[in-house]
Amino acid sequence: MSDEPQLIVGGAAGTGGPSGRGNSGGMSGKSRKGRKGRPRRTGWRRLIPTWRMVLGGFLLIVALVAGGLVTGYLLVDIPPANKAAIAQSNVFLYSDGSPLAREGKVNRENVQLSQVPKATQHAVLAAEDRDFYSESAINPVAMVRAGWNTATGKGKQSGSTITQQYVKNYYLDQEQTVTRKAKEFFIAIKLDREVSKDKILEGYLNTSYFGRNAYGIQAAAQAYYGKDIDQLDTAQSAYLATLLNAPSAYDVIAHPQNKRQAVARWNYVLDGMVKKGWLSRAERQEMTFPAPTAARAASGLSGQRGYLIEAVQDYLTSNGIIDEQTLARGGYRITTTIDPDRQDAFTEAVRDRLMSRLSKDRKVDSYVRAGGASIDPKTGEVVALYGGIDYTKQFVNNATRRDYQVGSTFKPFVFTSAVHHGATTQDGQTITPDTLYNGDNKREVIGRDGPTGYSPANEDDVDYGDIDVTTATDNSVNSVYAQMAEDVGPRKVKQTALDLGIPEKTPDLHASPSIALGPATASVLDMTEAYATLANHGRHGHYALVKEITKDGAQVTLPSRDTRQAIPRAAADSTTQVLQSVVDGGTGTAAQAAERPAAGKTGTAEEDKAAWFAGYTPDLATVVAVMGQDSNTGVQKPLYGATGLDRVNGGGYPAEIWAEYTGSALEGEAATEFDLRLEDGSGAPDDVPATPDTPTSPPPVVTTPPDTTPPDTSVPELPTDLPDLPTDIPTFDPPTGLPTGEPPVEDPGGGGEGDEGGGEEDPGGGQDDGGGG
């Protein structure tokens, strides 16, 4: 009996006792039924990572990045100050290797942060890093934003904090490499942990470049305002802070055409100070832009040397060859394209033909300025550049400034465009040197749909009657060329000017019939490049001012200068043929003194504020301009009465300077004739009968400014089968950027961008243009 219970117990044990196999198996089966397992991933689902995989991958990446950051932080030490932070001199050479100038001596005077007014400190922070004291050394958000703006075409921007900029300036260099950026990243973090914010800001203020060869805020205060840093007011401090963004571009004395951008940046700085509570709104509203003083050049840059070096530096930085701060640090040996003999010849020609005739007894003579440039059309090299009487006395480079109207030196581009596009007159005649136009004074320009409302005056209000294009060019007849611009299409004329070499952003270069009279303010060097393209049979390549650059014996790569056929050769050569007539018997006869086959065009700006002569031989293209400007105010002044003459025009001193220089520059070289290939029908006529109204001698000299009476707006009778003028002609805002004290010049002619001209929006601008004679 004792065995039975054991069997029962054993049975129980057999199902749930120590062996547990039977019972365990039963419970396991129930467990599987009660709790379903995860279904197997099949098909495309197997390709999708699970959340465990994603989380694991993310944690792995975080661990790797963190490890990399820690490793970089431990491996990169704060180095000693970079020796390159102490700028060396740059050596400039003439094209033959002879010395031109040595420039780049360090202009720096370190100051303590306690010496810098709080307003100056706040202005710099408002300009460069408004959250400097509250942020870390690295601002990832700013870096991402800067990268995005650059990638999306909103402009190249810096995402660097002041700490990063100081590290770059003081410890590293300006190279844009991944290695340098990585070092900058870790050094900035370490520096931020080991050095106070005040010390970093002090170092930044002492190492930053402000232009005018001024390193540091103290040197900048002296360079721009002639005072120590502790004497600066808030407005002046904001201007110095503005310069940090683009030192050369925002120097409104050296580049008066950029004043609008500089003032906008200055306002941005002041508004930032108000936003941060560093300046009251009342104080802000009372401030006016504090124009800096003229630069005081080093004595080693006297004469033409300073102008040449400035032009070369602008060439290097604007073409992206060397950035401004790297160039300012020095150590470069730069061989320019300037020929020393031709440079001396240009200076001597200006002195002989113009400056020697000025008198201290005539106030107007104190306004006289001159600028010139000369290019070898075959190579595109600038062989001579005349910037002014002396760089230490007249700081602004008259050869590169863009604030004087080019006048009638623009007219050849209209004819070039006409030949290029096979343009016709209103009655369907192809435009050639022989084509007849009505040259009456204040003749209203006729568009394809009737009168445009634009009636330009000829010089001295002369009526010419029906004359051919060659005669109209000889006498610089405004009424003919304004009509021709309308016939060709102002937009096409503008494009031809761009193709020849006129910069697209030239102030007042607008597509309207008045474009022919030259309201655009291209520089002397710009115009020389365009005329060199005509001399080179329509082949264009951007001018060059540098032949070679080395640093520490290594060559610095220069951009390639490939030339292209910008306009057809026939268009360029036909223009040359017409411009030869200007020298042979038109307004440019003074150029004959060069005793070379020559082609050229005179020009006069509105109110005779500038007189031009642009011309070329087969071997040399040169442009000369005589300008009027008050040295004290910067205001452009008419040249009436200068040197004792009633007026100064392009056929006078500019053409005389051109002739003397060209003769000297080409002395010893055989004279060559122009090799012209012309379109059929563009040859000069054998016998062109003179009309009764065509003058047989140059227009008389007058002693009063040109007549500025309103144009005759009477509507002449027109054909009835002309096509409609487009009605969607856009308008434009005249650009600003003139020297301090000069009111903006309104576009003389206005008008739209349409090929058919300015229509009724062009009310006769440019009528005060003296005709360019």
Side-chain angles (χ1 to χ4, degrees), residues 111 113 115-135 139 142 145-146 149 154-166 169 197-198 200-212 214-225 227-256 258-293 324-325 736-737 740:
V111 293
L113 188 63
Q115 297 175 261
V116 182
K118 279 292 184 181
T120 306
Q121 297 180 38
H122 290 155
V124 171
L125 295 177
E128 295 297 308
D129 192 355
R130 296 177 182 179
D131 299 318
F132 169 73
Y133 277 100
S134 61
E135 69 184 3
N139 187 342
R145 181 176 62 246
N149 289 340
K154 296 181 179 178
K156 186 177 180 181
Q157 299 182 11
S158 172
S160 300
T161 63
I162 278 181
T163 304
Q164 288 175 274
Q165 293 181 55
Y166 172 53
N169 291 341
K197 289 283 189 180
D198 281 349
I200 293 174
L201 180 58
E202 177 182 298
Y204 175 75
L205 292 174
N206 282 321
T207 57
S208 295
Y209 182 61
F210 290 81
R212 294 192 182 183
Y215 284 88
I217 194 75
Q218 166 65 14
Q222 285 289 343
Y224 288 91
Y225 293 108
K227 56 179 66 175
D228 290 331
I229 183 65
D230 59 358
Q231 298 175 332
L232 288 181
D233 60 31
T234 303
Q236 293 168 338
S237 298
Y239 178 69
L240 295 186
T242 293
L243 293 167
L244 289 166
N245 186 258
S248 288
Y250 290 157
D251 186 340
V252 298
I253 301 298
H255 299 285
N258 292 343
K259 184 178 180 181
R260 182 173 59 180
Q261 296 95 311
V263 172
R265 180 73 180 176
W266 177 76
N267 284 321
Y268 165 82
V269 173
L270 291 176
D271 292 341
M273 294 178 69
V274 172
K275 187 175 182 180
K276 296 294 292 185
W278 297 328
L279 179 68
S280 71
R281 292 190 179 276
E283 291 175 306
R284 164 73 182 91
Q285 303 229 341
E286 293 177 0
M287 290 182 184
T288 57
F289 183 74
T293 60
E324 188 171 351
Q325 291 203 14
T736 59
T740 305

Engineer: Would you find a donor on one side and an acceptor on the other, under 3.5 Å apart, between the side chain of W266 and the backbone of T288?
Structural biologist: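 It does not hold such a pair.
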
Engineer: Mark yes or no for whether Q164, through its side chain, and T161, through its backbone, hold a donor-acceptor pair below 3.5 Å.
Structural biologist: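 Present.
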
Engineer: Got I253 and Y224 here, is their nearest side-chain heavy-atom distance under 4.5 Å?
Structural biologist: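 The answer is no; the side chains never approach within 4.5 Å.
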
Engineer: Once rounded to the nearest 0.5 Å, what's the spacing between atom CG of L279 and atom CD of Q285?
Structural biologist: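 Separation between the atoms: 10.5 Å.
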
Engineer: Would you say the side chain of L201 lies within less than 4.5 Å of the side chain of L125, judging by non-hydrogen atoms?
Structural biologist: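 Side-chain contact under 4.5 Å: yes.
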
Engineer: Step through it carefully: locate the ring centre of Y250, locate the ring centre of Y239, and say whether they are under 6.0 Å apart.
Structural biologist: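 Centroid distance Y250-Y239: not below 6.0 Å, so no.
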
Engineer: Quick check for you: to the nearest 0.5 Å, what is the distance between E283 atom CD and T234 atom OG1?
Structural biologist: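 One finds 6.5 Å between CD of E283 and OG1 of T234.
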
Engineer: Show the numbers, then the answer: is there a side chain to side chain contact (heavy atoms under 4.5 Å, CB included) between D198 and Y133?
Structural biologist: CA-CA 9 Å; D198 281 349; Y133 277 100; 2.5 Å; yes

Engineer: Is the count of non-hydrogen atoms from other residues, nucleotides or ligands lying under 6.0 Å from K227 atom NZ greater than 12?
Structural biologist: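 Counting neighbours around NZ of K227, more than 12 heavy atoms of other residues, nucleotides or ligands fall under 6.0 Å, so yes.
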
Engineer: Does any N or O in the side chain of S208 come within less than 3.5 Å of the main-chain N or O of G216, such that one atom is a donor and the other an acceptor?
Structural biologist: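 Checking the backbone N and O of G216 against the side chain of S208, no donor-acceptor pair under 3.5 Å is found.
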
Engineer: Using atom types as modelled and distance alone, determine if a side-chain donor or acceptor of Q236 lies under 3.5 Å from a backbone N or O of D233.
Structural biologist: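 Such a contact is found between Q236 side chain and D233 backbone.
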
Engineer: When you compare the side chain of N267 with that of R284, does any pair of heavy atoms fall below 4.5 Å?
Structural biologist: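 In short, these two side chains touch, coming nearer than 4.5 Å.
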
Engineer: Report the distance from atom CD of Q115 to atom CD of E202, rounding to the nearest 0.5 Å.
Structural biologist: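 Interatomic distance, Q115 CD to E202 CD, rounded to 0.5 Å: 8.5 Å.
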
Engineer: Find the distance between OG (S248) and OH (Y209) and round it off to the nearest 0.5 Å.
Structural biologist: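 Nearest 0.5 Å value for the OG-OH distance: 6.0 Å.
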
Engineer: Please lay out, stage by stage, how R212 and L243 fare under the test side chain to side chain contact (heavy atoms under 4.5 Å, CB included).
Structural biologist: CA-CA 10 Å; R212 294 192 182 183; L243 293 167; over 6 Å; no

Engineer: If I compare all heavy atoms of R130 with all of K276, which pair ends up nearest, and what's the gap?
Structural biologist: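 Closest approach of R130 to K276: O-CE, 3.5 Å.
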
Engineer: Got L113 and Q121 here, is their nearest side-chain heavy-atom distance under 4.5 Å?
Structural biologist: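 The answer is yes, as the side chains (C-beta and beyond) meet within the 4.5 Å cut-off.
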
Engineer: Indicate the atoms forming the closest heavy-atom contact of A126 with M273, along with that distance.
Structural biologist: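 In terms of heavy atoms, the two residues are closest at CB-CG, 3.7 Å.
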
Engineer: Looking at every non-hydrogen atom in both residues, tell me the closest pair between V252 and A262 and how far apart they are.
Structural biologist: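 Shortest heavy-atom separation between V252 and A262 comes out as CG1-CB, 3.6 Å.
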
Engineer: Atom CD of Q261 and atom CG of N245: how far apart are they, to the nearest 0.5 Å?
Structural biologist: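 So the gap between those two atoms works out to 11.5 Å.
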
Engineer: For P247 versus G211, what's the shortest heavy-atom pair and its separation?
Structural biologist: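 So the two residues come closest at CB-N, 3.5 Å.
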
Engineer: Can R265 and E128 be counted as an ion pair, charged N to O under 4.0 angstrom?
Structural biologist: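 Yes, R265 and E128 are salt-bridged.
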
Engineer: Apply side chain to side chain contact (heavy atoms under 4.5 Å, CB included) to V111 and L205, showing your working.
Structural biologist: CA-CA 9 Å; V111 293; L205 292 174; 5.9 Å; no

Engineer: Check whether any side-chain heavy atom of V263 lies under 4.5 Å from a side-chain heavy atom of T242, and answer yes or no.
Structural biologist: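 A side-chain contact is absent here, since even the closest heavy-atom pair is not under 4.5 Å.
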
Engineer: Any side-chain heavy atom of F210 sitting closer than 4.5 Å to one from L244?
Structural biologist: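 F210 reaches L244 side chain to side chain.
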
Engineer: For a quick test of reading the model, state the closest non-hydrogen atom pair linking I229 to Q218 and the distance between them.
Structural biologist: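 Shortest heavy-atom separation between I229 and Q218 comes out as N-OE1, 2.9 Å.
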
Engineer: So which heavy atom on V269 is nearest to which on A123, and how close?
Structural biologist: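 For V269 and A123, the tightest heavy-atom pair comes out as CG1-O, 3.4 Å.
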
Engineer: Taking D230 for the side chain and P117 for the main chain, is one N or O donor matched with an acceptor at less than 3.5 Å?
Structural biologist: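 No, D230 side chain to P117 backbone: no donor-acceptor pair under 3.5 Å.
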
